[in-house]
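None of these values were measured; they are calculated from a predicted model. Heavy atoms only: backbone and side chains are in, while hydrogens, waters and symmetry mates are out.
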Amino acid sequence: MNQNEFLDLIADELLIAPNSVTLETEFRQIPTWTSLNSLLVISKIHEVTGIMVSAKFIAESNTLSDIYKLVQHS
Amino acid sequence: MSIHQLKGSKISTVVNIIPAEKLDNLQEDLIPEAERNSMVEHTGIRYRRRFSRENQSTQYLFKMGIEEILMLTQWSSESVDALICITQTPDTHIPAVSCVLHDEFEFSPSMACFDINLGCSGYVYGLHQAYSLLQSKMGETGRAILCCGDVTTILEEGDKSTQPIFSDGVSVTAIEFARDAEFYSYFNLETMGSGKTAISSFYNENKQEVMKLNGMEVFNYSVQFVPNHINQLLKHVPQSIALTGGILHQANKIINSAIAKRISLTGVDFPSTLYDFGNMASASIPVTLVDYLQNKNLSKVPPYILLSGFGVGFSMATAVVSLSGDLKLKMIEI
């Protein structure tokens, strides 16, 4: 998954404009990052890449880049 | 995996007791107005059910269900061999609810009674326990009653992750055994204890027990382990067995859809009752079973059904059980 595909996926699931986030964005600062929407994000990532992002990993991460590093080679 | 094959038992009657009162998540103040539609769309849960406070007693509700079961089956109380109660919200922890109900109904002293502390996997574990007991008991026939369900009294007021999801509800099932019956049931019982923190309870500063749920962790465990758990069982079920449908524990739409997509079955329905009933913990499987089957002609559908419960523990139990053409089903709203 390349960077643009990843950011589009995030924007789609969080119902925000496609260009409103970058890899440096701290995901908890996105107004629509709710517990439900975060679940939709990891569900979609799992569907597209087969990679399961764990609750522990999300708790220890800050930026979208942290998540992208996990999925970029999928 | 832990695969079991049992012979001769079948579900004869299922009675569900659910609250008539519906709480609408589109009117729920806990959820910001802008998020309500999305919440309902993605969890699949529009309404959740609550008994009135005086009815929020699993013991009282189990008693009501057993009365109804004895009436529908015409069983005498001394003819029942086992009573199993599955709940994580008993009125009191000591003695076991099943022992209290044994006294209330004046069941026979030769009856086996015990409780099981399980949540969403509980119904299938209970069926396995009942089927095993009846098959191992001396004699040609046997009868068991299985009660399951919970009330939402341990949810914290104002908790956005649990209040809009969970409903009250109980179910009581009558199970019959005949040694000469030729049908088999198949079970897979498994546990991933490392997921114990996904759903757990603790005592707050007011010394009240409250339940917390980590939705992402529940998703992680459900999607990583449940499809394989179900698929392992299906590999051990004879290919000649035709399934009417698959009843999954009703967790939420995101989890259930993700699991259904990964199960190696084609052309099988996975019905949902999430929209109207929410997540009824261990009662969600029998509630969905009754909702799904009550308008079907049971003599014209394939005679087996898949039941799969998963959740708190992290505990998983899946069964393929036979359906009898004379199965009695009842949904009572109070």
Side-chain angles (χ1 to χ4, degrees), chain A residues 1 5-21 23-74, chain B residues 25-26 28 30-46 156 158-165 192 194-200 212-228 251-262 274 278-279 314:
Chain A
M1 176 181 274
E5 288 167 340
F6 173 73
L7 291 174
D8 284 349
L9 179 155
I10 297 289
D12 269 359
E13 297 305 318
L14 297 180
L15 305 170
I16 52 179
N19 299 319
S20 62
V21 285
L23 288 182
E24 283 66 51
T25 301
E26 293 185 9
F27 53 80
R28 288 187 194 81
Q29 303 307 317
I30 302 171
T32 53
W33 181 270
T34 61
S35 58
L36 175 66
N37 286 346
S38 60
L39 195 55
L40 293 174
V41 168
I42 66 161
S43 170
K44 191 70 180 179
I45 288 173
H46 185 249
E47 189 182 321
V48 173
T49 68
I51 292 169
M52 180 62 82
V53 183
S54 72
K56 186 167 178 279
F57 183 86
I58 292 288
E60 291 167 353
S61 301
N62 287 315
T63 63
L64 291 175
S65 168
D66 296 331
I67 305 174
Y68 179 61
K69 282 177 195 156
L70 200 64
V71 302
Q72 64 181 331
H73 299 302
S74 61
Chain B
N25 278 337
L26 291 182
E28 174 53 61
L30 276 179
I31 311 163
E33 207 170 336
E35 293 172 22
R36 289 177 195 164
N37 279 319
S38 162
M39 187 269 167
V40 168
E41 183 193 343
H42 291 111
T43 63
I45 300 170
R46 169 78 187 269
E156 196 164 37
D159 184 351
K160 276 172 65 173
S161 66
T162 56
Q163 288 285 359
I165 302 291
M192 295 296 294
S194 55
K196 62 188 182 292
T197 52
I199 306 171
S200 57
K212 285 286 174 194
L213 174 144
N214 181 330
M216 205 177 279
E217 227 176 305
V218 174
F219 176 85
N220 287 159
Y221 272 83
S222 300
V223 178
Q224 267 184 304
F225 300 111
V226 176
N228 186 48
N252 66 45
K253 191 172 146 190
I254 305 169
I255 289 175
N256 283 42
S257 306
I259 291 173
K261 272 185 209 165
R262 293 165 175 79
L274 284 164
N279 177 337
F314 191 89

Item to check | Rounded distance [0.5 Å steps], NE2 in His46(A) versus CZ in Phe219(B) | outcome: 6.5 Å
Next on the checklist: Is Ser257(B) close to chain A through its backbone or its side chain, or both, or neither, when contacts mean heavy atoms under 4.5 Å?
Outcome noted: neither
Checklist entry - Between Gly215(B) and Leu39(A), which heavy-atom pair has the shortest distance, and what is it? => result O-CD1, 3.8 Å
Checklist entry - So which part of Ser54(A) gets closer than 4.5 Å to some heavy atom of chain B, the side chain, the backbone, both or neither? => result both
Next on the checklist: Given heavy-atom pairs under 4.5 angstrom as the criterion, report whether the side chain, backbone, both or neither of Thr34(A) touches chain B.
Outcome noted: side chain
Item to check | Inter-residue atom distance Glu35(B).CD - Ser35(A).OG, 0.5 Å rounding | outcome: 8.5 Å
Next on the checklist: Report which part of Asn214(B) has an atom under 4.5 Å of a heavy atom belonging to chain A: side chain, backbone, both, or neither.
Outcome noted: side chain
Item to check | Any side-chain heavy-atom pair of Met216(B) and Ser38(A) under 4.5 Å | outcome: yes
Checklist entry - Given a strict heavy-atom distance threshold of 4.5 Å, which part of Lys261(B) is in contact with chain A: side chain, backbone, both, or neither? => result side chain
Checklist outcome for this item: Note: Arg262(B) and Glu47(A) closest approach over all heavy atoms is NH2-CA, 4.1 Å
Checklist entry - Does the distance from a Lys or Arg side-chain N to an Asp or Glu carboxylate O, for Glu217(B) and Lys56(A), drop under 4.0 Å? => result no
Checklist entry - Taking atom NZ of Lys44(A) as the centre, does the number of heavy atoms from other residues, nucleotides or ligands within less than 6.0 Å exceed 12? => result no
Item to check | Shortest non-hydrogen contact from Leu36(A) toward Ser38(B) | outcome: CD2-O, 4.0 Å
Checklist entry - Is Asn220(B) close to Ile42(A) at the side-chain level, that is, under 4.5 Å between some pair of heavy atoms? => result yes
